[in-house]
2 protein chains.
Amino acid sequence: MTSPLEDDVDRTLVAQLAADGRATLSTLAAAAGLSVSATQARVRRLEQRGVIRGYAADVDPEALGLPLAAFVAITPLDPAQPDDAPARLAELDAVEACYSVAGEESYLLLVRVPSPRALDDLLTEIRQVANVRTRTTVVLQTFFERAARPERR
Amino acid sequence: MTSPLEDDVDRTLVAQLAADGRATLSTLAAAAGLSVSATQARVRRLEQRGVIRGYAADVDPEALGLPLAAFVAITPLDPAQPDDAPARLAELDAVEACYSVAGEESYLLLVRVPSPRALDDLLTEIRQVANVRTRTTVVLQTFFERAARPERR
DNA sequence: GTTGAAAGATTAGGTAA
DNA sequence: TTACCTAATCTTTCAAC
């Protein structure tokens, strides 16, 4: 689905847009050493190849009324029944991410809620909706959350 | 530092920009029912209040050559010495997020690397740099990673 | 908050290497 | 194909109200 970056121009454009999603084509063109229209064509191709999946404002969760984050590891209670837990959990707005993981548990979720009470309610809902056992690790402080950067050489 | 959203116009603008970080002011103005300039002033204020922390392209980690993700729980080996682990770990490009957590371990990291071998090297580096013990949970599949959404009412 | 006009950015269509 | 040029259209900005 996604093809890798092809050259240094692509790398430059992706790095610039990862750092500033609203960078203009002329800014990008200057950084990449291309004309504006060549830059435009490059960016479009990056979008169409799925390298750039979209653009988003980075919003402070606290401003949204979601100051409490937690990791929830979940284990299906009935391994026999069809496992549609991720699809069901995607319906819950509080669930920000869902990973299948190696180890004792099957899935790991990152959730955000307004309060401890709301976390309790959410865990109850997760257990019911997905028929799972939960093990929750509360986030006390977020030191940083940023975009992954490819290793420099 | 960050003030909460003030009214429905703010909520609309933030929701639109979270969904499309490159939305134009005229698009936003139409969604919010304001003039373009009033919209611009609102967005500026949201940025200055820290509600909107920035804008970023959402880049596929695989295209960046980072197909392997893992959660790394870490425990300081020497509780006596000053704990500057988060600051040290921020230096490592492969470390995407760092949280202080409740529970047996002190911190939880999300890391991205090119290969199992690179994960091994990274864990060695994390142990040395931060003087910690690590417990790693490999991500097998990412079902979704998205922006947190405030609960609807 | 609104309007409006100037500066700047984006887009599409055409041309050349 | 890939990059570039140009002109029309949109967008952003900032003044005045």
Side-chain angles (χ1 to χ4, degrees), chain A residues 1-60 62-65 146-147 149-150 152-153, chain B residues 1-65 146-147 149-150 153:
Chain A
M1 201 84 225
T2 304
S3 36
L5 297 178
E6 281 174 2
D7 59 16
D8 281 332
V9 173
D10 277 359
R11 268 181 280 278
T12 303
L13 295 176
V14 165
Q16 296 278 317
L17 282 169
D20 176 10
R22 286 186 79 94
T24 66
L25 289 177
S26 31
T27 304
L28 296 172
L34 284 185
S35 73
V36 169
S37 16
T39 303
Q40 180 187 37
R42 286 290 195 131
V43 173
R44 264 155 122 77
R45 228 160 68 80
L46 288 167
E47 290 165 358
Q48 282 170 357
R49 281 193 289 156
V51 173
I52 295 176
R53 296 185 289 203
Y55 303 88
D58 171 25
V59 181
D60 188 330
E62 297 207 17
L64 256 33
R146 61 190 181 192
R149 282 169 295 180
R152 43 199 166 188
R153 31 163 183 197
Chain B
M1 201 83 223
T2 305
S3 37
L5 297 178
E6 281 175 2
D7 59 15
D8 282 331
V9 172
D10 277 359
R11 267 181 280 278
T12 302
L13 294 176
V14 165
Q16 297 278 319
L17 283 169
D20 176 11
R22 286 187 80 92
T24 65
L25 290 176
S26 34
T27 304
L28 296 172
L34 286 184
S35 71
V36 168
S37 317
T39 302
Q40 182 185 40
R42 286 291 195 129
V43 172
R44 274 226 228 287
R45 228 161 70 80
L46 288 167
E47 290 164 358
Q48 281 170 358
R49 279 193 288 156
V51 173
I52 294 176
R53 297 185 288 202
Y55 302 88
D58 170 25
V59 181
D60 187 329
E62 299 208 16
L64 255 34
R146 62 190 182 194
R149 282 170 294 182
R153 24 145 192 214

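By convention in this document, chain letters (A, B, ...) are assigned in the order of the sequence lines, proteins followed by strands, and residues within each chain are numbered from 1.
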Asks: Can you see whether Thr24(B) engages Ser26(B) through a side-chain donor-acceptor pair at a distance of less than 3.5 angstrom?
Replies: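 Yes, Ser26(B) and Thr24(B) have a side-chain donor paired with an acceptor closer than 3.5 Å.
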Asks: Please round to the nearest 0.5 Å and tell me the distance separating atom CG of Leu5(A) and atom CG of Asp60(B).
Replies: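 Rounded to the nearest 0.5 Å, the CG-CG separation comes to 9.5 Å.
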Asks: At a heavy-atom distance below 4.0 Å, which nucleotide of DNA chain D is the first touched by chain B, and which is the last?
Replies: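 Using the under 4.0 Å cut-off, the span is dT11(D) to dC14(D).
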Asks: For dT11(C) and Gln40(A) - does any side-chain N or O of the residue sit under 4.0 Å from the phosphate oxygens OP1/OP2?
Replies: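 True: Gln40(A) side-chain N/O within range (under 4.0 Å) of dT11(C) OP1/OP2.
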Asks: Got a second to check how far Arg149(A)'s CZ is from Leu64(B)'s CG, nearest 0.5 Å?
Replies: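 The distance works out to 11.0 Å.
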Asks: What I want to find out is whether Asp7(B) reaches Arg42(B) closely enough, with some N-O distance under 4.0 Å, to be called a salt bridge.
Replies: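 Yes, Asp7(B) and Arg42(B) are salt-bridged.
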Asks: Check each residue of residues 22-38 of chain A for a non-hydrogen atom within less than 4.0 Å of any atom in DNA chain C, then write out the ones that pass by number, or none.
Replies: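 Result for residues 22-38 of chain A: Thr24(A), Leu25(A), Ser26(A), sorted by number.
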Asks: Please list residues of residues 45-59 of chain B whose heavy atoms come under 4.0 Å from any atom in DNA chain C, ordered by number; otherwise none.
Replies: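 Within residues 45-59 of chain B, no residue comes under 4.0 Å of DNA chain C.
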Asks: Does the side chain of Leu34(A) come within less than 4.5 Å of Leu28(A)'s, by heavy atoms?
Replies: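 They are not in side-chain contact.
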Asks: State, yes or no, whether a side-chain contact exists between Arg49(B) and Asp10(B) at a heavy-atom distance under 4.5 Å.
Replies: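 Counting from C-beta outward, Arg49(B) and Asp10(B) do come under 4.5 Å.
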Asks: Taking atom CG of Asp58(A) and atom CG of Leu17(B), what is their separation to the nearest 0.5 Å?
Replies: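 Between Asp58(A) CG and Leu17(B) CG, I get 12.0 Å after rounding to 0.5 Å.
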Asks: A side-chain contact here means heavy atoms from C-beta on lying under 4.5 Å apart; do Val9(B) and Thr39(B) qualify?
Replies: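 No, side chains not in contact.
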Asks: Measure the CG-CG distance between Leu13(A) and Leu46(A) for me, rounded to the nearest 0.5 Å.
Replies: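 The distance works out to 6.5 Å.
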Asks: May I ask you to test the Gln16(A)-Asp20(A) pair for a side-chain heavy-atom distance under 4.5 Å?
Replies: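 They are not in side-chain contact.
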